[in-house]
2 protein chains.
Amino acid sequence: MRYFVAVAEELHFGRAAQRLGIAQPPLSRAITRFERRLGVALLERTSRRVSLTEAGSVLLAEGRAILGAMAAAERRTRRAATSRPSLVLATKAGACGDLLAELLDAYAAEPGAVAVDLLLCESQPQRELHDGQADVALLHQPFDSTAGLDTEILNTEGQIAILPSAHPLASRSRVRMADVDALPDLPPARWPHPDGGYPDGPGPEVHNQTQLFQLIALGRTTVVMPESSSANLIDGLTAVPVLDAPAVTTVIAWPPHSRSRALADLVRTATALAESSVDDSGPLRTDERGDGQPALAKVGSVSAE
Amino acid sequence: MRYFVAVAEELHFGRAAQRLGIAQPPLSRAITRFERRLGVALLERTSRRVSLTEAGSVLLAEGRAILGAMAAAERRTRRAATSRPSLVLATKAGACGDLLAELLDAYAAEPGAVAVDLLLCESQPQRELHDGQADVALLHQPFDSTAGLDTEILNTEGQIAILPSAHPLASRSRVRMADVDALPDLPPARWPHPDGGYPDGPGPEVHNQTQLFQLIALGRTTVVMPESSSANLIDGLTAVPVLDAPAVTTVIAWPPHSRSRALADLVRTATALAESSVDDSGPLRTDERGDGQPALAKVGSVSAE
DNA sequence: GCCGATCCATACCCGTCGGGTATCGCTGCC
DNA sequence: GGCAGCGATACCCGACGGGTATGGATCGGC
């Protein structure tokens, strides 16, 4: 399977073999045997060109997921065996500072809490979740994909534009997406794709928040981001609410097969925290939750596997 | 990996070997090699008893998922290769009749629509999704687990109690959960667990809707279920709205790695249909759904173990 | 239009792994 | 203490995974 994914990605037996650290002929045979065992043609090969069949491209998508799951399983198993009990929480560096601090404090106060290690990624924290480097993550929809993960919503917030303080728009009390998009002097920054490449465009290439803020302060770009990320603005930057930007939802996410008690506690703590802050700000009453919870729990356990 | 999961589930090398169709000694060696390659002890074995280590139970959960994913990958690949392009849609038999009919009609009218085969399961349609028998499913939260699936919400409905027409409660215009729970003469029916066992309790054992309705008509049990499932009530049954039962959300769900054009079209059709019928039927706005639904999903999935 | 480069497939050889049977060693239980 | 049950070990065999050498087809360049 590893072999097939390598060939399907490279579309070249020689390069795939090199990537796998084996010679080309064994790879060729392995793929042939694999196809014969499945009874399905996965690759169309001429002596000059390799391409995927319909079935092959289906299997490529599935195979990538399987390989990721296997790597994840191995990492998690090894961690469960060697280290002290702990949870690894992944999130984007610089995002949701307050929420994270509150969550860690509240969870540490729980009975039976285990150590929580932080994994502050530059981007794509969900990737760490999929490949087993992390047990749980804070993600921001719609930016991060929650495909294949279990999630609980923690909160929803608006977005703000970060502008150089000297910029005309910075004095406005609020702006619209159209205002920000229509700034030829401040083209949007370009973040790397998961594969490491950058999209085309006039803006500067950035890969972390420090770079970004410095470039904004220098009048080279601007960005629209969740409110909470502006907690620690450096001098020379001004945040202006963007009225019609899509709302950003912070969710706590974990892989669907987790059965760990510690993870369940952390998730429960996080959702309780989120609900209590809703209580502060709105009319949700406790007894409504009290009515709803048992009924739901009952129904839930009927569907429990 | 298959071997390890078998042993971990049986906690007995002999039975596991039998289940796998091999002899016991090769299995023993395979597990030993597997542990050595991982560098992790997965099983504690005395000559009389086998038990899982912490790492072993982590790997069991992950391994089950991986094996399921592999079986699914194989099925989907084979289907992509041999049959005409088609989609398999799984749902519970008897549920969401109207919605399903509308969806099939609307999708069939799309340009580029492929054949949609139906898989009407007795329960657990999400299982067919995980193991590759189906490409897409209609699920009902919080009954069905959407763990590891991508979903879009289609609609939300209340629940009704199905009662024998002769029962005193059947003449009420509405009831509460407490009314239904407090009926010693109509104990709730017991559905089989995924493993085939039944929970304890006084109610009759059932495994499909026909049985259930007949037992209700005979005055042996009752059930609380989504409104739309009552479209085709047999004689002798009466449906009464249950005011405080948790709302049931119908979602369309698919495995997160699908990249098929046909599936994307079907999902788009379904969500478009859902939004247009929401517009028709009242003031429920999209952002309210976004706020309200997750609370239900949350409690349901936390209680699912 | 032919030659050479490229690239996948085949042929052949070797070591390890997965399968089997026979048997040993340990542990409860009667 | 004997016996039954169960996992581990010993030993053997065929198949698979790895390597090198080479063939056959196709595309590009002169």
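Just so you know, these numbers use all the heavy atoms, side chains as well, and skip hydrogens, waters and symmetry mates. Throughout, a chain's letter reflects where its sequence line sits, starting with A, and its residues are numbered from 1. What you see is a predicted model, and the numbers here were worked out from it, not measured in a lab.
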| task | Kindly write out the residues that satisfy side-chain contact (heavy atoms from CB on, under 4.5 Å) with B:Leu120, not counting sequence neighbours, or none if the list is empty. | result | B:Thr91, B:Ala93

| Sequence neighbours excluded - salt bridge (charged side-chain N to carboxylate O under 4.0 Å, His left out) pairs with any residue from residues 13-26 of chain B | B:Glu9-B:Arg19, B:Glu10-B:Arg15, B:Glu10-B:Arg19

| request: May I ask you to say whether A:Asp265 pairs ionically with A:Arg261, meaning some side-chain N is under 4.0 Å from a carboxylate O? | output: yes

| said: Is it the case that the side chains of B:Glu128 and B:Gln126 hold a donor-acceptor pair, with the cut-off being a distance below 3.5 Å and no angle test? | reply: no

| Who are the side chain to side chain donor-acceptor pair (under 3.5 Å) partners of A:Gln141, not counting sequence neighbours? | A:Thr146

| Note, A:Pro255 side chain near A:Arg76 side chain (heavy atom, < 4.5 Å) | yes

| D:dC6 phosphate, OP1 or OP2, under 4.0 Å from B:Arg49 side-chain N/O | no

| said: Nearest whole Å is fine: how far is C:dC7 C1' from A:Leu27 CG? | reply: 13 Å

| Phosphate oxygens OP1/OP2 of C:dC17: is one of them under 4.0 Å from a side-chain N or O of B:Tyr3? | no

| field | Donor-acceptor side-chain pairing of A:Ser86 and A:Arg79 below 3.5 angstrom | value | yes

| request: Starting from C1' on C:dA9, measure out to CD on A:Glu35 and report it in whole angstrom. | output: 13 Å

| note | In numerical order, the residues of residues 7-20 of chain A whose heavy atoms come under 4.0 Å of DNA chain D are none

Under 3.5 Å, which donor-acceptor pairs link side chains of residues 52-61 of chain A to any protein atom two or more places apart or in another chain?
residue	atom	partner	partner atom	Å
A:Thr53	OG1	A:Ala41	O	2.9
A:Thr53	OG1	A:Leu42	O	3.1
A:Thr53	OG1	A:Ala55	N	3.4
A:Thr53	OG1	A:Gly56	N	3.0
A:Ser57	OG	A:Glu54	O	3.1

| According to a strict under-4.0 Å criterion, is B:Ser28 in side-chain N/O contact with OP1 or OP2 of D:dG7? | no

Polar atom pairs between nucleotides 19-22 of chain D and protein, under 3.5 Å, N or O only, would you list them?
residue	atom	partner	partner atom	Å
D:dG19	OP1	A:Ala23	N	3.4
D:dG19	OP2	A:Ala23	N	2.8

| In whole angstrom, what separates A:Ile31's CD1 from C:dC7's P? | 17 Å

